[in-house]
> 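My structure is below; once you've seen it, I'll send some questions.
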Amino acid sequence: MVSSDSKLLAVLGPTNTGKTHLAIERMCAHSSGMIGFPLRLLAREVYDRVVRIKGERSVALITGEEKILPPEARWFLTTAESMPLDRDFAFVGLDEAQLGADPNRGHVFTDRLLRARGREETMILGSDALRPMLKALTPDADIISRPRFSTLSFAGSTKLSRLPPRSAIVAFSAEEVYAVAEMLRRFRGGAAVVMGALSPRTRNAQVAMFQAGEVDYLVATDAIGMGLNMDVTHVAFASLRKYDGKRQRRLTVAEMAQIAGRAGRHQRDGTFGTLSMEGSRGAAFEEEEVHAIEEHRFPPLEQLYWRDGQPGTDSIDTLIADLERKPDHRVLRSAPEAIDLAVLKRLAEEPWVRDRTRGDRMVRRLWSACGLPDFRKTGVDPHSRLVGRVYRHLTEGEGYLPAPWFAEELARLDNVQGDVETIADRIAGVRTWAYIAHRPDWLADPAKWAERTRELEERLSDALHQRLTQRFVDRRTAVLMRDLGARGIDALPVAIDDAGIVSVADEPIGRLEGFRFHVDPDAKLLDKKRLLAAAERRLGDTLGGRARLLAADPDDQFTLATDPGRPVAIFWRGDVVARLERGRTVLSPRIVLHRALDLLRTPDRILVEDRLIAWLMTTVDRVLRPLSAIATAATDPARPAQLRALLAPLVDAGGTIERAAIAPTVAALDRDGRRAAQALGVRIGTMDVFHTGLLKPEPMRWRLALAAIRSGETMPGCPPAGSVTVTLPEAEPDRTAYHRAGYRPLGHQMLRVDMIERLARIAHDGRPDAKGGRAAFVPDPALATSLGLAPDGFDRLMHILGFRAAAEGWAWRGRRADTAPAPAAPPRPGNMFGALAALKATNG
């Protein structure tokens, strides 16, 4: 019961005046109290504050979808729609009472302004624009004006790239919020997202990121204008137009001020302005609007929306009539038809609803069902069908919703997979069932289902927070941008762990492998330059230590990288440190350090270069010892000129050369010269001059690598290790490489030169001498088979060696194919290798 000396106090003023804080203090000073808020999120925020003062057992939270109601609760925090007006409280407060002018919810705030009273004190909080309405409707109210603690100034239009830290960007649709947040993630490291549709858990998690400084930007709908307290210094409007449920319209000056007023806290000044978007002219304030916002002067409200808050419930028609009744006060205006009334009128047209809704109790039950909010924004018709199904169950059997149906609907929503929009839609669905679970007489076991919906909403909320963070926050860029702004690039806290992971302020940005810094592959292109700069400018000491470690390492820590198609390089501990370029001789290529080592100081670079040169010289001498010896002899003035004339081109060719290419030199070599060449391991064969030791896999790989370096090419493909016969490569560069390695083409195959000489020796040794007449050489079939040489390849080789096909075998022509063309071999049945077409004598 309200006392005759109950005090009615109205506290009016702009945002950042401490009105809500004052109301909390006044409520807590009374033995009991209640405050109604415009948002579930705000009610939850204040509930947490009052719990810290009074304790959980004494504080209640009541919203449409959430109810925390301890038996001993004396202080209630609620949404305006959920205020229990039938309970007695010493103190009652109503926040943002100027929302009575809102076409959608205004009638609720007007009703609470007129009817919600505390036994000892009632406090109405709102903007100065509400003053004439209070004087007209509550003339006994004591009106107090509260000035803003700090200054709010207009900052003009700002590009996204120049948006100051601790800014909130306000948009008026989920699509616009997501678009702005995505741009902030790409350019500024990300943003927290706050919308009225978020659950308190998701919203709190997002705000916590912003408050903790994990992100410097917040993108929100106009929900932040309703008293949500955040550490914002600048508010940027992405738009100045919103859809109000019926049409797209420009914000009123009061709405602009309500939102802009979130900038600044207590005595810290704030700024507001617009966001300049690329490709768009963006929003723009009128000069009069700016002046009004800065001076906190707004047009006074001329009317509030009203609907009977205590309609008659003796029949459906009486209920509808009362809800549509016009107000009898000049400053009150009939509220537009809300969705609950629209649903009621739709259901009233159903005969079965009329049949089941007789008497005060059932009319109130029907009206209660019509109050189910359309959280998913499906519209009147779909929502009417859902409400109709709910009411049908409430009027059957024991009057409860079937538990299996309720459980099935929850199970359909129990899925944390999906994108932001999908999970947000599921949360909206859960809010519907949470609202139902919190009706005291709609379920047989409401406490059980309320707990179930709460758990599901929390799971989905955590998943939504995770998706929002994944989608709109790049922590690495956020940390980098924040530290760059605060400290500058030279002062960034760069750390490297034992695994080579490089971090800036504990945020991994890449990996150091050898001397190379690899940016995290997940980093966006726009971030990579910053990350490289952040790391490379701070890795000097670490790289210097690695240089000294390289210089002290044994030879087995270095390798020659010969990946086909790539430049020949030197690797240290599995990572590239240098590449090789043409040097003075084929055996002494020039070492060029990888650009990653450019960060080394000069003494460290010299240390690395000297160690790599020493390793290269030692390894070339070990792997290519025969070639090194030949090269030394080729430049030894004490050696005969004819011998040096043979050895020099052999060195340049890498250790194998066709005899035909140096035929005059071979012919000019005397017996002593041949013995000297033989002493060096050089074999002057029928077709090639070579050193057998250089045909092993590792010397062959090095020879090809040195030849590629000499010619300025990338590394060619190597013949399979240990292969005697290989398939002729299709690519011309690989054919050239195989030829250089010591293989000669024979049809579709290539045979290693030492094996060609072996076959040549066998063929010639098996050839009858002059006294034996012209008997043909008959080869052993196992020879070609053991080498993997195909019949056509063998036949071609025999022609090259100077034999011709004969009826009983191969007859000596008296000359090799490298000195005169061999005649075509006619098809010959009975040949041990099969009939052959005419062959063209060739060396490949």
Side-chain angles (χ1 to χ4, degrees), residues 514-516 550 555 558-572 575-598 600 602 605-636 644-658 661-662 682 689-691 693-719 729 731-743:
F515 292 88
R516 290 192 300 164
L550 177 149
D555 284 355
F558 301 89
T559 55
L560 186 73
T562 54
D563 298 324
R566 299 184 64 85
V568 179
I570 299 176
F571 275 47
W572 171 63
D575 198 67
V576 63
V577 290
R579 57 185 173 83
L580 299 178
E581 292 185 350
R582 181 186 178 97
R584 186 171 54 84
T585 68
V586 67
L587 293 176
S588 57
R590 188 167 67 91
I591 290 176
V592 179
L593 297 185
H594 190 276
R595 62 178 179 276
L597 281 74
D598 291 346
L600 290 174
T602 300
R605 286 178 58 85
I606 294 173
L607 202 63
V608 171
E609 288 176 347
D610 289 347
R611 181 67 186 94
L612 295 181
I613 291 171
W615 171 81
L616 182 63
M617 293 175 60
T618 300
T619 308
V620 166
D621 185 63
R622 175 176 56 82
V623 176
L624 300 178
R625 186 176 299 277
L627 192 59
S628 295
I630 295 171
T632 300
T635 58
D636 184 0
R644 286 185 280 126
L646 172 72
L647 300 181
L650 181 61
V651 172
D652 288 340
T656 63
I657 190 170
E658 292 181 30
I662 53 172
V682 176
V689 179
F690 59 93
H691 190 297
L694 297 175
L695 298 177
K696 296 178 180 179
E698 188 63 2
M700 188 179 291
R701 182 175 76 92
W702 274 79
R703 289 194 297 112
L704 289 179
L706 294 176
I709 295 166
R710 190 75 173 164
S711 59
E713 300 169 351
T714 58
M715 183 67 189
C718 287
E732 183 60 35
D734 287 342
R735 291 184 186 180
T736 301
Y738 280 30
H739 190 276
R740 185 180 290 156
Y743 290 81

> Please evaluate residues V689 and I662 with respect to the criterion side-chain contact (heavy atoms from CB on, under 4.5 Å), reporting the C-alpha separation (whole Å), side-chain torsions for both, the decisive distance (0.1 Å), and the verdict.
CA-CA 9 Å; V689 179; I662 53 172; 4.0 Å; yes
> For A708, enumerate each residue passing the side chain to side chain contact (heavy atoms under 4.5 Å, CB included) test, keeping only those at least two apart in sequence or located in another chain.
P716
> Report the residues that fulfil side chain to side chain contact (heavy atoms under 4.5 Å, CB included) with A633, sequence neighbours left out, ordered by chain and then residue number.
R639, L647, L680
> As a quick check of understanding, evaluate side-chain contact (heavy atoms from CB on, under 4.5 Å) for L593 and V608, giving each step before the final call.
CA-CA 9 Å; L593 297 185; V608 171; 3.9 Å; yes
> How would you list, by chain and number, every residue that makes a salt bridge (Lys or Arg N to Asp or Glu O under 4.0 Å) with D555, sequence neighbours excluded?
R611
> What is the minimum heavy-atom distance between D598 and R605, and which atoms define it?
OD1-NH1, 3.4 Å
> Rounded to the nearest 0.5 Å, what separation is found between the CZ atom of R710 and the OG1 atom of T585?
6.5 Å
> Can you name the side-chain hydrogen bond (donor to acceptor under 3.5 Å, both in side chains) partners of S711, sequence neighbours left out?
E713
> For P719 versus A741, what's the shortest heavy-atom pair and its separation?
CG-CB, 4.1 Å
> Measure the spacing between CD1 of I613 and CD1 of I591 and express it to the nearest 0.5 Å.
5.0 Å
> Report yes if some heavy atom in the side chain of L695 is under 4.5 Å from a heavy atom in the side chain of F690; otherwise report no.
yes
> If you compare all heavy atoms of P589 against all heavy atoms of L616, which two are closest, and at what distance to 0.1 Å?
CG-CD2, 3.8 Å
> Using the side-chain hydrogen bond (donor to acceptor under 3.5 Å, both in side chains) criterion, which residues pair with E581? Sequence neighbours excluded.
R579, R590
> Between A661 and I657, what is the shortest heavy-atom contact and its length?
CB-CG1, 4.4 Å
> Contact between V682 and I630 at the side-chain level, heavy atoms closer than 4.5 Å - yes or no?
yes
> Output every pair passing salt bridge (charged side-chain N to carboxylate O under 4.0 Å, His left out) with a member in residues 693-709, not counting sequence neighbours, ordered by first then second residue.
E698-R701
> Measuring from atom NE2 of H739 to atom OG1 of T736, what distance do you get when rounded to the nearest 0.5 angstrom?
8.5 Å
> What are the two closest non-hydrogen atoms of M715 and T562, and how far apart are they?
CG-O, 3.5 Å
> Name all residues meeting the side chain to side chain contact (heavy atoms under 4.5 Å, CB included) criterion together with A596; count only those two or more places apart in sequence or in a different chain, and write none if there are none.
F515, R516, H594
> Excluding sequence neighbours, so at least two apart, what forms side chain to side chain contact (heavy atoms under 4.5 Å, CB included) with A629?
none
> Could you work out, with salt bridge (Lys or Arg N to Asp or Glu O under 4.0 Å) as the rule, every residue matching D734, not counting sequence neighbours?
none
> Distance from W702 atom CH2 to L560 atom CG, nearest 0.5 Å?
4.5 Å
> With sequence neighbours excluded, what pairs up with S628 under the side-chain hydrogen bond (donor to acceptor under 3.5 Å, both in side chains) test?
none
> Measure across C718 and Y738 and return the closest heavy-atom pair with its distance rounded to 0.1 Å.
O-OH, 3.4 Å
> How far apart are the C-alpha atoms of M700 and Y743, what are their side-chain angles, what is the distance that settles it, and do they pass the side-chain contact (heavy atoms from CB on, under 4.5 Å) test?
CA-CA 11 Å; M700 188 179 291; Y743 290 81; 3.8 Å; yes
> Do W572 and L612 have side chains that approach each other closer than 4.5 Å (heavy atoms only, starting at C-beta)?
no
> Going by the rule side-chain hydrogen bond (donor to acceptor under 3.5 Å, both in side chains), which residues pair with T632 if we only count those two or more places apart in sequence or in a different chain?
none
> CG/L600 to CG/L607 distance, rounded to the nearest 0.5 angstrom?
9.5 Å
> Look at the side chain of R644 and the backbone N and O of D636, then say whether any donor-acceptor pair between them is shorter than 3.5 Å.
yes
> What donor-acceptor contacts under 3.5 angstrom involve side-chain atoms of residues 617-626, with partners at least two apart or in another chain?
unit_1, atom_1, unit_2, atom_2, d
T618, OG1, A614, O, 2.8
T619, OG1, W615, O, 2.7
T619, OG1, W615, NE1, 3.2

> One pair to check against side-chain contact (heavy atoms from CB on, under 4.5 Å): F558 and L550. What are the steps and the verdict?
CA-CA 9 Å; F558 301 89; L550 177 149; 3.8 Å; yes
